[in-house]
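The next block holds one structure in the form of structure tokens; read it before the comments.
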Amino acid sequence: MFRVLVSDAISEEGLTPLRTSANIDIVQKKVGEVEDELHTFDALLVRSATKVTEELLEKMTKLKIVGRAGVGVDNIDVDAATKRGIVVINAPNGNTISAAEHTFAMMAALVRRIPQAHISVKSREWNRSAFVGNELFGKKLGVIGFGRIGSEVAKRARAFGMTVHVYDPFLTKERAEKLGVSIHSLDEVLASADIITVHTPLTKETRGLLGTENLAKTKKGVYLVNCARGGIIDEQALIPFLESGHVAGVALDVFEQEPPGDHPLLAFDNVITTPHLGASTVEAQLNVATQVAEELLHFFEGQPVTSSINLPALSKDVYEKIQSFYHLGRKLGLIASQFMNIPVQELSVTYAGTVADLETTYITRSLLAGFLRPRVASTVNEVNAAMVAKERGITYGEKFSDETHGYANCISLTVHGENKTFTIKGTHVPNYGDRIVHFNGVAIDFAPEGHLLYIQHQDRPGMIGKVGNVLGAHDVNIATMQVGRQEAGGKAMMILSLDKPVDDAVLNALAQIDDIETVKRLEA
Ligand SMILES: NC(=O)C1=CN([C@@H]2O[C@H](COP(=O)(O)OP(=O)(O)OC[C@H]3O[C@@H](n4cnc5c(N)ncnc54)[C@H](O)[C@@H]3O)[C@@H](O)[C@H]2O)C=CC1
Ligand SMILES: O=C(O)CCC(=O)C(=O)O
């Protein structure tokens with residue numbers, strides 16, 4: 001049974017996929033109301049009210065996944081989650097249309113002074129001359145950030161007869177042309193736009209993007225709209241531009257601090273606001289809740305999640321193709337790590353044959369997680385493997401080769417440690433399983449399963465019998481034994497698969513046998 005804490009107001013109907021699952025127990029309470037139970041939850045489902053801080057994650061010791069029913073994850077400490085191997089997912093497009101429509105509504109209300117006129121009429125006034133506005137038709141709209149919402153706003157703007165100038169450093173010319181907008185530098189957008197709307201995430205680069213310097217580059221009489229994140233327009237910097245009339249009006253759905261309290265911007269008649277309502281429609285809330293609920297279900301069923309913030313994106317189709325290699329990669333990493341139980345600097349993974357055509361990033365992450373698992377005390381998985389490797393100064397890289405050694409597919413891992421290098425190669429045979437086909441310079445064939453024993457020895461008659469006697473004397477049953485050698489009479493090796501793990505006494509007894517050079521226990 002998986003326990004899911006839903007700590008913000010999330011559409012009831014959207015939670016149906018979770019409610020109908022027999023394996024899921026949903027608790028709908030605020031974090032503060034379940035302090036004593038925090039360590040029991042497997043998943044946390046939030047909107048933007050719950051702050052998923054490092055401190056909260058520390059208390060939620062069983063947590064595996066955080067779901068954000070919405071786009072922005074700035075209320076979640078994603079780095080802290082990643083460090084702990086916790087997957088963070090969002091619902092990237094469920095509220096796009098609502099947010100775009102809200103932006104457009106705010107823009108229209110701003111230039112026609114609808115909120116001010118509304119208040120006036122409600123105050124029993126009829127002052128038509130006080131509320132003369134501007135048309136949107138024929139105006140230049142500057143869109144900063146042309147992702148899902150920015151592009152939907154642009155479509156609506158074009159329908160209103162506006163010209164759209166876009167600034168987005170990651171936007172391709174083809175996509176801009178397709179959507180009938182033109183790409184410009186930030187300075188060009190600032191200088192040309194009659195109305196500027198921001199649709200970026202809040203990042204180090206976008207915080208204060210419209211600050212004193214850039215606001216000074218805008219047209220006199222410009223209108224500004226922020227329905228993205230508070231802080232993209234610097235609120236303090238805005239004040240003198242409103243006072244001087246350089247900025248004709250501002251529409252804000254979001255604030256640096258929410259709620260904004262007695263914020264000085266609220267005193268301006270030409271600042272119109274809503275309390276972060278961009279996604280507040282029945283439709284958007286149903287969409288985002290359903291999206292995260294379905295993703296959570298997939299996650300608990302062991303299927304890939306497609307909207308993870310901290311994992312490589314992986315569709316179900318791709319996962320089905322790579323899953324055998326994903327497990328093989330994990331085993332290769334795990335065995336190599338135990339064999340090379342010294343500090344290592346570099347892992348090099350080579351893919352050959354059919355596996356080379358697949359999405360290998362995920363396989364490499366799995367291999368890396370397998371490699372790191374015996375070395376680190378904390379949880380390590382595909383989510384945090386790259387980060388943990390970096391922290392430990394281990395670099396890794398992928399290569400692709402035509403050399404399959406006669407197998408349909410082959411994954412080769414070379415581990416570089418100080419003065420020592422180790423290579424292991426494996427293949428996956430459909431309907432048969434994983435096989436290790438090359439181990440430390442020797443061609444061999446064994447299944448990477450269970451309790452393994454590696455013995456390196458000189459190639460002499462009688463070695464197999466001697467090893468068998470020692471194991472027999474210690475009541476250890478051999479399930480399978482594979483032998484290989486580099487050359488007759490030279491270095492040879494055995495890989496034994498045992499019915500139970502062996503203790504140090506058995507290893508010592510084996511090491512006493514003449515011509516045995518190394519004995520290692522390997523768990524796969
Ligand atoms: N007010 C509300 O209730 C809602 C607000 N949002 C917010 O709207 C914003 C946009 O959301 P989406 O369009 O879904 O995101 P998105 O990820 O689809 O688009 C963001 C765009 O910003 C661009 N970008 C990133 N850094 C930039 C920079 N330094 N300068 C210019 N462009 C940059 C990216 O290339 C991308 O195209 C986010 O901040 C999101 O949190 C989203 C939904 C509802
Ligand atoms: O959950 C909400 O209403 C906020 C939506 C939002 O800001 C987002 O999805 O980024």
Side-chain angles (χ1 to χ4, degrees), residues 6-11 14 45-52 67-76 78 88-107 142-156 165-173 175-176 179 181 183-190 193 196-211 214 225-233 251-256 258-260 273-289 291-292 307 309 313:
V6 180
S7 61
D8 288 334
I10 288 179
S11 156
L45 202 43
V46 301
R47 244 170 100 182
S48 53
T50 301
K51 304 296 169 229
V52 187
R68 158 71 164 110
V71 181
V73 286
D74 34 296
N75 55 322
I76 300 170
V78 178
V88 179
I89 57 169
N90 69 350
N93 43 30
N95 60 25
T96 301
I97 298 298
S98 289
E101 287 182 357
H102 192 70
T103 304
F104 219 82
M106 289 291 268
M107 188 159 72
V143 179
I144 299 180
F146 200 70
R148 289 173 290 258
I149 298 169
S151 53
E152 287 298 331
V153 169
K155 278 188 206 162
R156 284 152 183 77
H165 285 190
V166 171
Y167 169 66
D168 186 325
F170 309 107
L171 175 65
T172 60
K173 209 167 151 233
R175 185 166 149 73
L179 290 162
V181 300
I183 304 183
H184 298 269
S185 68
L186 179 59
D187 279 359
E188 284 165 354
V189 169
L190 295 174
I196 297 175
T197 181
V198 293
H199 297 286
T200 67
L202 182 66
T203 62
K204 277 203 301 296
E205 290 73 30
T206 62
R207 186 179 286 281
L209 187 68
L210 293 193
N214 282 336
V225 181
N226 185 0
C227 289
R229 276 295 175 271
I232 300 172
I233 303 179
L252 298 174
D253 183 44
V254 286
F255 288 85
E256 285 170 26
E258 289 178 7
T273 70
T274 42
H276 202 147
L277 293 184
S280 291
T281 63
V282 173
E283 294 84 351
Q285 286 314 307
L286 176 59
N287 287 342
V288 293
Q291 275 179 16
V292 278
S307 56
I309 303 293

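Just so you know, ligand 1 is whichever comes first in the structure, and atom 1 is the first atom listed for that ligand.
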### Task
Below 4.0 angstrom from a heavy atom of C227, which ligand 1 atoms are there? Numbered from 1 as shown, please.
1 (N), 2 (C), 4 (C), 5 (C)
## Note on the structure
Logged contact type for A99 with ligand 1, heavy-atom cut-off 4.0 Å, is side chain
## Note on the structure
Protein neighbours of ligand 2 with a heavy atom under 4.0 Å, given by chain and number, are R47, R68, G70, V71, G72, N95, R229, H276, A279
## Note on the structure
Within 4.0 Å of some non-hydrogen atom of D253, the atoms of ligand 1 are 1 (N), 2 (C), 3 (O)
### Query
Which residues satisfy the side-chain hydrogen bond (donor to acceptor under 3.5 Å, both in side chains) test with E283, sequence neighbours excluded?
none
### Sidechain-backbone polar pair: T206 side chain, P201 backbone, donor-acceptor under 3.5 Å
yes
### Query
Given G147, P201, A100, which has its nearest heavy atom closest to atom 22 (O) of ligand 1?
P201
### Message
Below 4.0 Å, non-hydrogen atoms only: which portion of H276 touches ligand 1? Side chain, backbone, both or neither.
### Response
side chain
### Query
Okay, side chain of N95, backbone of A284: is any donor-acceptor separation there less than 3.5 Å?
no
### Task
Check whether any side-chain N or O of S307 sits under 3.5 Å from a backbone N or O of N90 as a donor-acceptor pair, and report yes or no.
yes
## Note on the structure
Across all chains, not counting sequence neighbours, the side chain to side chain contact (heavy atoms under 4.5 Å, CB included) partners of T197 are T103, L141, V143, V153, H199, V225
### Side chain, backbone, both or neither: the part of T206 lying under 4.0 Å from ligand 1 by heavy atom
side chain
### Per-atom contacts of ligand 1 with H199, taking only distances under 4.0 Å to non-hydrogen atoms
10 (C), 20 (C), 21 (C), 22 (O)
### Query
Can you find a non-hydrogen atom of D168 under 4.0 Å from ligand 1?
yes
#### Entry: Partner residues of I97 under the side chain to side chain contact (heavy atoms under 4.5 Å, CB included) criterion, sequence neighbours left out
E101, E152, R156
